[in-house]
Structure formats: C-alpha cells, structure tokens
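Inspection log for the structure reproduced underneath, given as structure tokens.
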Protein chains: 2
Amino acid sequence: MSTIADVATRAGVSKATASRALTGRGYVSDETRERVAAAARELSYVAHSSAMSLATGRTQTIGVVMPHVSRWFFGEVLEGIQAALLEHGLDLTLYDARPGTATRRRVFEDYLARRRFDGVIAVGLEPAASELDALLALGKPVVSVIGAEGATSVVTLDDAHATALATAHLVELGHRRIAFLGGTDETRWPHVESERYAGYESEMRRAGLAAEISRAPAELSMPAGYAAAVDLLSDPSARPTGIVAACDEVAIGAIIAARRLGILVPSSLSVVGIDDHVNAEMFALTTLRQVPHEQGRAAVELLLRHIDDPEAETVTLRVKPRMVVRGTTANVTGHSSVAVRDSSLSRRD
Amino acid sequence: MSTIADVATRAGVSKATASRALTGRGYVSDETRERVAAAARELSYVAHSSAMSLATGRTQTIGVVMPHVSRWFFGEVLEGIQAALLEHGLDLTLYDARPGTATRRRVFEDYLARRRFDGVIAVGLEPAASELDALLALGKPVVSVIGAEGATSVVTLDDAHATALATAHLVELGHRRIAFLGGTDETRWPHVESERYAGYESEMRRAGLAAEISRAPAELSMPAGYAAAVDLLSDPSARPTGIVAACDEVAIGAIIAARRLGILVPSSLSVVGIDDHVNAEMFALTTLRQVPHEQGRAAVELLLRHIDDPEAETVTLRVKPRMVVRGTTANVTGHSSVAVRDSSLSRRD
C-alpha cells in the first residue's frame with residue numbers, strides 16, 4: 001500500500017506539502033494540488049482518515065442539523081455551508097431532523113451523540129430547549145442559523161428590520177389598511193415569525209395605524225399563503241389595500257389568490273414579501289432580499305473560529321435585508337393618480 | 001473513560017445488544033434502544049467510531065453526490081436517503097456538485113478520492129463519462145438516481161412512460177395540437193429530458209399527430225416554463241390546445257403565462273405536468289405523480305445490497321408514475337360540449 005511519502009516523492013514535493021494538498025488544510029497552489037492529486041491517483045493512495053482522526057482527535061467533518069432540505073431557504077443555506085466547507089477541506093455530515101418525527105428524536109438521542117464531527121451548524125432548530133441543550137452537551141462548538149441568541153453564535157436575518165422596511169414602504173405609498181400575512185406559531189420558528197410580526201406591528205404603531213394579522217394555517221408556504229389570502233381578501237368591505245407577507249412564498253400565494261378573486265395587483269392590492277426567493281422575479285414581487293447561501297458560508301466561518309478557539313465569545317451576525325422594488329407595490333388607489341402614473345413603482349404585472 | 005461493557009452493564013443487556021443499540025445495525029426493541037442510549041448518556045460514553053473504522057474497514061457512512069439540494073426533486077430524494085440511512089444506523093456525507101463549477105471538479109478529484117464512505121449514491125449525475133468513471137474507479141459500490149443504465153444500479157422514473165400517458169390523456173380528450181414544453185438539452189439530464197420527449201413523440205406518432213417542441217431556455221424551472229410558454233402561446237393562430245410539460249414546475253409556469261395572456265385553463269388550453277410537485281395541487285394541476293422520497297429510500301436499499309455483496313448484479317428500478325387528474329385538463333373546446341359539462345375532467349380552476 002502506498003504511503004504519503006510515496007505520493008510526495010512521485011509529485012516532487014515535501015511530505016508536508018503533499019499532506020496539505022490532499023487534506024485541503026493549508027495553502028497549496030492549484031498546480032501543486034493537481035500534481036499531488038495525480039500522483040495519489042496513480043499510486044492508488046488512500047488517506048487513512050480513520051487513523052488520522054485517532055491521532056489528531058479531529059474528524060475533519062462538520063455536522064449540519066436541519067429540519068427541511070427541500071425548502072428554498074434551507075437548501076440554499078446548505079449549499080452555502082457545503083461550498084465553504086469544501087474550501088476548507090472539510091466534509092459535511094447531514095442530520096435531517098424534520099419536526100415532530102421519531103427520526104428527529106433518534107438524530108438527537110443517538111446519531112449526534114456519536115460525535116463524529118468537529119462542530120455542528122444547527123439550521124432552523126426550534127428552541128425546544130432540550131434539543132439545544134442536547135447539542136451543547138456534546139461539548140463541541142455549535143453555531144445556529146436562525147435561533148435564539150446567547151447560547152450559541154447565531155447567523156440570522158434582521159427579521160424585525162425587514163418587516164419594518166416592508167411596512168414603511170407601504171405606508172409611504174399611502175396605504176392605511178395593511179395586513180400581515182403569515183404565522184406567529186410559537187411552536188415553529190418564533191425567532192423568525194414573531195420577530196417579523198413585531199417589526200410590522202411596531203412600524204404600524206409608529207404610523208398610528210392598526211395592526212391586523214391573518215395567520216397562514218400550516219406553514220410559510222405558497223399554498224398556505226394562498227389559503228390565508230383567500231380568507232383575508234374574500235370580503236370586499238373588510239379588505240386591506242396592502243399586505244406584508246411573512247415570506248416570498250406566502251406573498252406569491254397571496255398574489256395568485258388575488259388574481260383568482262379578480263383583485264388587481266398592484267392597482268387594488270400591494271404585496272411585499274421577504275426573501276427574494278428564486279420565483280420572486282417571475283411574479284415581479286417587491287421584496288426584502290436575503291441571501292441564505294451567504295448565511296451558510298458565514299456560519300462556517302464562525303464555527304471554524306469556535307473550533308480553533310474554544311474560548312471565543314459567542315456572537316450574533318444579524319444580516320440586513322436589501323429592499324428590491326418590483327411591480328407588486330403601488331400608491332394606494334385614489335391616493336395620487338398622478339404619482340401612480342409617474343412612479344416606477346406603479347408597473348402592472 | 002467508559003467502555004461499551006460499562007454501558008451494557010448499566011443498561012442490563014449484553015455487550016452485543018448494547019453495540020447493536022448504539023450503532024443501529026441489527027434489531028433491538030425501541031425500549032432496549034432507549035435504555036442503552038440513556039445508559040450511554042449517563043456514562044458520557046462515546047463510540048470510538050474512528051477505532052471501529054480501522055478494525056472493520058467500514059466507515060458507517062454513505063456519500064451522496066448531487067448537483068442541487070435546493071430544488072424540489074433533489075431535496076426530496078435527499079430526505080428519503082437520509083431517512084433510510086438513519087434506520088440503518090448510517091451517516092450521510094453530502095457532496096454538492098453543481099454543474100460546471102470548480103467546486104464540482106474538486107469534489108471529484110479530491111474529496112471523493114478520500115473514500116470516507118462505504119458506498120456512494122449519485123443523484124442526477126450527468127453522464128460526463130469521466131465523472132462516472134472517476135466514481136467507479138474508487139472501487140466502492142455506486143447506485144444512481146437518474147442516470148445511464150448498465151454501469152451502476154439505477155433508480156429512475158419511467159420517464160418515457162410518463163409523457164406517453166400524459167400525451168394519451170390529451171389525445172383521448174380530443175386534442176390534436178399538442179406541444180411538448182421543456183428541454184432536450186443533452187448537456188443536462190439526457191436520461192430525463194430526452195426520454196420524456198421520446199415518450200411524447202412516440203405517442204403523438206401512434207395517434208397520427210405531428211410532434212412540436214418548445215424548449216425551456218435555461219432549466220426545468222417555473223420561470224423557464226413561463227418564458228417558453230409565452231413564446232409558444234403568444235401567436236393565437238399557431239397556438240396548441242394542449243401542453244405536455246417536462247415537469248410540474250414548467251407546467252405551472254405555463255399556466256401562469258396563459259393567465260397573463262388571457263387564455264383560459266382548461267377551457268382553451270389543457271396542461272399536464274410530471275412530478276406531483278408540492279405546489280401542483282394548489283394549481284389543480286393534472287400530472288403524473290412520482291415520489292422522489294421513495295426513490296431515495298430505494299437507492300439506499302440497493303446500495304446496501306451492493307455493499308453486502310460486491311458480486312451482486314446491477315439492476316434498474318424503473319418506477320411507474322401514477323396519473324392524477326385534476327383541473328387543468330379538459331375536452332378540447334368545441335369537441336364535445338356535453339362531455340365537457342358532464343366530465344369530472346372539465347373542472348375550471
């Protein structure tokens with residue numbers, strides 16, 4: 001069996017360089033990395049990662065716990081984590097923990113307890129406190145994406161700021177009846193949902209307006225937003241002229257509901273989302289952009305800092321959203337028809 | 001430091017049972033598993049997975065290579081793989097290989113070459129033959145989800161059958177001008193896209209009708225379907241009455257395009273998708289259902305068979321789609337107004 005020394009000799013580099021090239025830890029030029037990789041292939045060299053783990057106590061693996069890989073936000077975060085880990089030569093072990101399942105219980109009781117990783121990134125973990133405690137009890141660094149501050153370092157959108165900006169945008173356009181469409185289900189992601197509602201509510205209060213919420217029944221998805229919007233919009237006498245949606249998928253569901261009810265967007269109803277979801281542009285959706293891919297990358301950098309320095313202080317990285325004005329928001333009907341015609345905000349979808 | 005013997009004693013079971021309970025390999029009752037897990041927690045027992053790997057030559061880890069985790073099909077397959085692996089006590093290491101990126105090259109050249117897994121599931125791997133060869137050269141079992149048959153065992157939807165059923169459904173409803181909306185881009189997933197086109201084309205030929213294709217420009221997504229449908233539908237004189245879409249996201253994009261163009265679905269245009277995507281029901285989409293979660297589970301079972309028996313023959317598991325008739329398909333306008341009124345197929349969305 002070939003050794004790292006054989007590979008180094010064949011590639012014409014030192015053992016240390018060959019090791020750096022093969023593990024991805026530390027700098028080597030692309031050209032050297034490729035020469036070493038070629039030598040390793042020719043010699044059928046296999047890195048003894050198990051033996052390496054015993055020697056260093058490191059697994060060169062990061063665990064990722066998340067409840068849904070197949071939803072946009074989570075999938076994008078996961079891609080960002082993966083991209084950053086690859087740059088650092090680290091593997092990613094995925095622990096899929098869908099809420100309320102027996103699998104989730106096993107993930108926390110058995111799989112994570114094996115500690116086959118150097119640290120954990122927990123994405124969208126509900127603060128069922130026992131679960132976070134279980135993670136922390138493993139004695140490995142933990143970083144959260146979406147989550148309660150304090151116990152771990154956290155990467156999160158500034159949720160309250162996002163809905164405050166969305167609400168202020170509608171208020172500036174003259175809207176007075178503005179509803180919040182989404183959930184505040186405390187059993188889900190309270191640090192998302194209640195923060196988003198709070199941002200809307202405080203901005204409405206500041207403007208001297210009454211807050212009004214229409215809960216998405218099951219989850220923050222397009223069909224849930226559709227159903228909640230049908231409820232909200234079917235009575236013409238009680239209809240808002242503006243909607244702040246808890247996320248883009250809910251906003252898109254509301255736009256589709258409005259079309260089916262014959263309500264024109266944006267001339268009779270303005271809708272703002274949060275996310276800049278992959279489908280937002282197609283619906284010309286005005287939204288507050290976040291880039292979950294970058295949040296995943298940031299979580300990796302934070303985690304590596306905690307792994308390298310166990311005494312490092314926990315921090316919260318609060319990402320500011322950026323307003324993207326497209327075609328689903330306009331001056332409230334009758335408020336200023338001249339402005340409606342002139343404004344770039346008044347495009348009909 | 002506690003040993004497995006300490007855990008077994010505390011839990012009142014044999015060492016073998018404690019080991020089965022902690023590794024998840026082999027049967028133990030839920031009650032026993034929980035008792036052993038509790039004992040392990042109380043004793044802060046850590047399984048020496050690295051040492052175990054050296055002894056057995058197994059890593060208890062399965063590698064998964066996929067190009068997009070954040071798209072519905074891939075995310076659902078990944079969840080199915082994860083669920084099945086957890087039942088077998090195996091970890092999942094994710095290798096995200098987006099097409100045409102430097103990351104993807106490194107995944108194939110470096111990361112996979114470390115072989116820190118017992119086998120690989122390759123999902124949606126384009127048959128850039130060198131990549132599949134690189135995977136096979138690792139000498140570990142490989143199973144593909146979507147992929148060329150022969151070199152590895154494959155789990156796949158019967159794509160040609162799906163579009164043949166979709167086309168036959170429209171032909172039975174009296175449609176004569178039926179377009180295929182999607183791609184046949186050979187650089188993407190030819191075993192999906194060309195098979196789906198082939199099923200449509202052969203069914204059109206069987207019915208004595210002319211095939212007609214409108215390519216989705218970039219990928220099989222909702223915005224791409226929208227753009228392709230706008231092209232296809234904007235000339236009233238050349239407009240088809242039926243669309244077979246390459247997947248549900250493309251079909252939903254087409255439905256939205258039709259609404260914007262003032263074309264009523266299904267009375268002036270019938271649309272059929274493939275997938276039964278999470279958003280299909282909301283659009284009352286008639287579709288051919290596949291369950292990617294189950295395909296992920298099936299890939300795990302196939303892979304474990306190949307790991308346990310390296311001589312096992314490669315097989316192709318071709319999953320039959322199931323027709324789900326909802327509200328986007330109806331008799332062609334004027335073909336039989338009585339049937340339109342009477343048929344359950346004629347619901348307007």
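Since this is a predicted model, take the numbers as computed values, not measurements. These numbers come from the heavy atoms of this one structure, side chains and all, not from hydrogens, waters or symmetry mates.
In this structure, the separation between CD on A:E281 and OH on B:Y226 is 11.5 Å, given to the nearest 0.5 Å. Interatomic distance, A:R116 CZ to B:T59 OG1, rounded to the nearest 0.5 Å: 6.5 Å. Note: B:R114 CZ to A:D91 CG = 5.0 Å, rounded to the nearest 0.5 Å. Distance CG/B:L85 to CG/A:L94: 10.0 Å, rounded to 0.5 Å. Residue A:L86 holds its CG atom at 7.5 Å from CG of B:D96, rounded to the nearest 0.5 Å.
Nearest heavy-atom pair across B:E79 and A:H68 is OE2-CA, 3.7 Å. The minimum heavy-atom distance linking A:G75 with B:V69 is given by the pair O-CG2, 3.4 Å. Residue A:E76 comes nearest to B:S70 through the heavy atom pair OE2-OG, 3.2 Å, listed as atom of the first residue, atom of the second, then distance. The two residues A:F283 and B:M222 have their closest heavy-atom pair at CE1-SD, 4.2 Å.
Only the side chain of B:I256 comes within contact range of chain A, judged by heavy atoms closer than 4.5 Å. In this structure, the portion of B:Q82 lying under 4.5 Å from any heavy atom of chain A is its side chain and not its backbone. Neither the backbone nor the side chain of A:E249 comes within contact range of chain B; no heavy atom of the residue lies under 4.5 Å from a heavy atom of that chain. For a residue to count as touching a neighbouring chain, one of its non-hydrogen atoms must lie under 4.5 Å from one of that chain's; by this rule B:Y95 touches chain A with backbone and side chain alike. Heavy atoms closer than 4.5 Å to chain A are found in the side chain of B:E34, but not in its backbone. Using a 4.5 Å cut-off between heavy atoms, A:V107 touches chain B through its side chain atoms alone.
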